[in-house]
K.L.:
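Right, I'll just put the structure down here and ask away after.
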2 protein chains.
Amino acid sequence: MDSRGKRATLQTVADAVGVSRTTVSNAYGRPDQLNKDLRERIFEAARRLGYSGPDATARSLRRGRAGAIGLVFTETLSYAFADPYSVGFLRGVAEVAEASGTGLLLIPMPPAGGGDSETAVRNAVVDGFCLYCVPKGHPAKELIRARGLPLVTTDESDDPSIPYVGIDERASARLAGEHIARLGHRRVAVMVDHVVGPGVSGPASLDEQLASDCADLRGRLAGYRDALEEAGVDWSSVRVVAAGRNSRSASASAAAHFLDVAERPTAVLAIGDVLALGVLDACEQRGLAVGRDISVAGFDDVPEAGRARLTTVRQPMGEKGRLAGRLLLEPPEEEKVPRIKLPTELVVRATTGPAPH
Amino acid sequence: MDSRGKRATLQTVADAVGVSRTTVSNAYGRPDQLNKDLRERIFEAARRLGYSGPDATARSLRRGRAGAIGLVFTETLSYAFADPYSVGFLRGVAEVAEASGTGLLLIPMPPAGGGDSETAVRNAVVDGFCLYCVPKGHPAKELIRARGLPLVTTDESDDPSIPYVGIDERASARLAGEHIARLGHRRVAVMVDHVVGPGVSGPASLDEQLASDCADLRGRLAGYRDALEEAGVDWSSVRVVAAGRNSRSASASAAAHFLDVAERPTAVLAIGDVLALGVLDACEQRGLAVGRDISVAGFDDVPEAGRARLTTVRQPMGEKGRLAGRLLLEPPEEEKVPRIKLPTELVVRATTGPAPH
DNA sequence: GATACAGACTTAATCGATACAGAAGCGGTG
DNA sequence: CACCGCTTCTGTATCGATTAAGTCTGTATC
C-alpha cells in the first residue's frame, strides 16, 4: 500500500495496468463488461497502489445522484429523539432508505443555533429533503427551497406547492375530544409542549394558542376545541397549559397548574403521548385513580402508551416515514403535488372513563 | 423562474450576464472578489434562470471536502435511539458537527439487513466515519476501512490502528462491582442485553459470555468479575441473564430469571442503565424495597438514572461524542493513532445499600 | 465469401464547480 | 513614461469519475 504521493485515482490504476480508465471503472461498477482475469489484475494493482475504489463524490457528480436524503430538524437532536414518535417516523424513513442503499443526512437547525447550519443545508449532498416539524417563519424552509431539490414536509403548511404526508390533525384530535365529551367530562385541561417559544411553561392564553408556531399543534388544539364546543363546553374555561418542553418530566411538573387547584378538571387532553405519560405520572404522585377520578388521553400511540394503557389517537408514524422516504426516492410522475393524509384511529384504553359525580 | 430545459449552471448564468464562470462562482463564494453591483446583477440573472446556487456535489468534488461525517450503526435506528446513552453520544457528535456546518450521515447496517447498506457505505459522501458499537466480525469495519477515510471507533477493538475514544470499560465496571462487594453482597446477578445474538434472552453460560460480540459488554463483564472474585465471590455462582434487547421492558421481564427463584440475589449489576431501570420496574412489581431488600446498579448515568435515584457509573457520553466528532473534523497532525480514554466515576444514589441479613 | 454478432476495450464528452496565475484599468509618482 | 499597488475580472487546468458510441478481433450463420 503506497500511501506516499498523490492519492490514487482510476487513472493511476489504469496506467499501472496498462488499460483505459473506463475499463477500471467497469471493473468496479460493471463486472460483466470485462474479462475476469483482467478484473483481478486491476484489483491487484489497486491494492498495491492503495486505491480504495471509486470516489463517492465524483461518482455522485457524474451520476447525478447523491445516494442520500436530508432530514432537517428544527430542534436539537436530543430533543428530537426524546420522543418515540420521532424515532418511529425516522425509522420509517430509514427503512425505505436502507432498502435502496441510501443514507440519511441529519441536519439539526435549532433555533438558538449559534452554529452554521445554513452551510450544512447548502452543502448537503442529497437527492431531496424531508422537513420535519418546522415552526412558522423558520428560515429552514426558504433555505431548502432555494436548493431546488425535491422536498417533503410532515406539517400541513400554508404552502400547497410542497408535497406533504401527514394526518388530519384537526379531525384526529377531534376524535379524542369527542370521546372525552361523550364520557360526560365538562371540566377539561389541555397539555401542550410549547406554544410560543420553547422553555416557557405555564397556562397559555387564547391568543398564544392561535399564534402557535407549529401547524400540528394548532391543528390538534382546534380539533379539541371543535369537539368540546360542540358538546357545549366553553373553550375559555379550558385550561391550556404548556410544559415548556416535550418531555415526560416537564409535563409532570406542569400538570400542577391544573391538578393542584380548587376546581380540578375531570379530564386532560395531551397534545402528545409523551406529555400524557407525564400527566399520568403526576396523577400517580397525587394518588389519583386515573380512569375514575380523572381521565387522560394522549396522541400518537407510541409503544409506551400501550404499556401504560393510555387512551390515545393512533397515527401510523412508521408508515408516515416510509411514505415520506418513498416520495423522495421515487418522486411520482404526476403533475399535481402529492398531499397525503393517513388514517388515524381512536384507541380507547384504561386511562379514560366516565366523568365522576 | 424558468424551470424548462436544462438545469441552469454557473455557466448558464455567466453567459446570461456576460461574465466568466469564475466571476459567478465568486459571487456566491467570495463576495469580496467582485463589485457589489455586478454581484447583484448576477443574483438577479440567477433568479430569472432558476439557478439555485452552486451544486453541492460539484463543490464537494472540487473542494475535496464533503461537509459531512458518516455514522455507522450496526443496529436498526429505533434500537439505537431507544437508549438515552446513544442519544447523548449522538448529540455530542452533532454539536461539534453543527458548529462547523457539517452534516451527519446516518448509515444503518442492521445484521439482518436485507437492504443494501454496503452500497450506502460505498456511496457515502463524507469526510470520515464514526463506527459505533460494532460486534466482532461485522462486515462494516472492513467495508469502511476500504474507503480509506478517517475513522474513529468507540469500541476498544483489537485493531490498534483505528483511532479510538471511549472509556476503560473494565476498570469502570469494576468500580460498580467493588461498591456492591463492599456493601457485603455475595449473591449477585448480572443483567446484559444480548450475549451472542440479539433476541435471545435468558441465563447465559460462561462460554457465551466470553464469546460475546461486543467489546464493551465483554469489558464490563470482566470488570464485574474482577471485583467480585476479589471479594471472594465465585463467578460461576453469579447468574448472568440476557434480556434479549436493550430495553427497559425486556429487562423487566428477564429479571424474572433471578427474582422469582428460591435464592434470590441481594444485588443486581446491569450492563447499562436502561436495563437497570427495567430491573427496578420488576422489583417494584414484586414489592421489593430497592436499596434495602435488593440493590441495583447500572452503567452510563443517563438522565433518567438520576430521576430514578439509580446508583451507576457515569461516563461522559456527550464528551465522547464531541471528541469523536472533533477527531474526524480536525484530524490531529501527530503520527501516532489517538486512543483516548475518558474518565468515569461511580455515582452512588439510593438503589444500593448494605446486603440484608 | 459475405454478413452478423458477441466480447473486450478504448475514445472522447461530460458532470458542475473552484483555484490560481494573469491581465486590464486606475490614479499616483519620481 | 515606466512602474507602483489595488481592485476587478478572465482563462485554463483541474477534481475523479461515468457513459454512449466506436474500434477491433474472432467466430458462428447462411
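Every value quoted in this text rests on a predicted model; they were computed, and no experiment measured them. Protein chains get the first letters and strands the later ones, always in sequence-line order, with residue 1 at the start of each.
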K.L.:
Quick one: does any side-chain atom of A/Ser86 pair with a main-chain N or O of A/Ala80 as donor and acceptor, under 3.5 Å?
P.N.:
yes
K.L.:
When you measure from the side chain of B/Thr23, which nucleotide among C/dC15, D/dA17, D/dT10 comes out closest?
P.N.:
D/dT10
K.L.:
Evaluate the ring planes of B/Phe81 and A/Phe81, with Trp represented by its six-membered ring, and classify them as parallel (under 30°), tilted (30 to 60°) or perpendicular (over 60°).
P.N.:
parallel
K.L.:
Whether the side chain of B/Asp116 engages the backbone of A/Ser100 through a donor-acceptor N/O pair (distance < 3.5 Å, no angle test) should be reported.
P.N.:
no
K.L.:
CD of B/Gln11 versus C1' of C/dT18: gap in Å, rounded?
P.N.:
13 Å
K.L.:
Is A/Arg62 side chain donor-acceptor paired with the C/dT14 base, going by distance under 3.5 Å alone?
P.N.:
yes
K.L.:
OP1 or OP2 of D/dA17 sitting under 4.0 Å from any side-chain N/O of A/Tyr51?
P.N.:
yes
K.L.:
So, is B/Ser20 close to the D/dG11 phosphate, meaning a side-chain N or O under 4.0 Å from OP1 or OP2?
P.N.:
no
K.L.:
For the pair made of CD in A/Gln33 and P in D/dC24, what is the distance, rounded to whole Å?
P.N.:
19 Å
K.L.:
May I ask which nucleotide in the shown strands pairs with D/dC30, Watson-Crick or G-U wobble, both distances under 3.5 Å?
P.N.:
C/dG1
K.L.:
Have a look at A/Leu34 and say if it touches a base, only the backbone sugar-phosphate, or nothing, with a 4.0 Å heavy-atom cut-off.
P.N.:
sugar-phosphate
K.L.:
So, OP1 or OP2 of D/dT19: does either fall under 4.0 Å of a side-chain N or O from A/Arg30?
P.N.:
yes
K.L.:
Donor-acceptor check, side chain of A/Ser60 to backbone of A/Arg65, threshold 3.5 angstrom: yes or no?
P.N.:
yes
K.L.:
Could you check how far CG of A/Leu38 sits from C1' of C/dT10, rounded to whole Å?
P.N.:
12 Å
K.L.:
Just N and O in the side chain of A/Arg59: are any of them under 4.0 Å from OP1 or OP2 of D/dA17?
P.N.:
no
K.L.:
Can you check the B/Tyr28 OH to C/dA19 P distance for me, whole Å?
P.N.:
17 Å
K.L.:
Below the 4.0 Å mark, does C/dA17 have OP1 or OP2 next to a side-chain nitrogen or oxygen of B/Ser25?
P.N.:
no
K.L.:
Would you indicate, yes or no, if D/dG11 has its OP1 or OP2 atom less than 4.0 angstrom from a side-chain nitrogen or oxygen of B/Thr22?
P.N.:
no
K.L.:
Hey, would you say the A/Tyr28 and A/Tyr51 ring centroids sit under 6.0 Å apart?
P.N.:
yes
K.L.:
What is the separation between atom CG on B/Leu61 and atom P on D/dA13, rounded to the nearest whole Å?
P.N.:
18 Å
K.L.:
Which sits closer to the 5' end of DNA chain D, B/Ala58 or B/Lys36, going by the nucleotide each is nearest to?
P.N.:
B/Lys36
K.L.:
Main chain of B/Pro31, side chain of B/Arg39: is a donor-acceptor contact present, judged purely on distance under 3.5 Å?
P.N.:
no
K.L.:
Separation of A/Asp37 atom CG from C/dG7 atom P, in whole Å?
P.N.:
16 Å
K.L.:
Roughly, in whole Å, what's the span from CG in A/Asn35 to P in D/dT25?
P.N.:
17 Å
K.L.:
B/Arg63 CZ to D/dG16 P: how many Å, rounded?
P.N.:
16 Å
K.L.:
Check whether any side-chain N or O of B/Thr9 sits under 4.0 Å from OP1 or OP2 of C/dG16, and answer yes or no.
P.N.:
no
K.L.:
Check if the side chain of B/Arg21 and the base of D/dT10 share a donor-acceptor pair of N or O atoms closer than 3.5 Å.
P.N.:
no
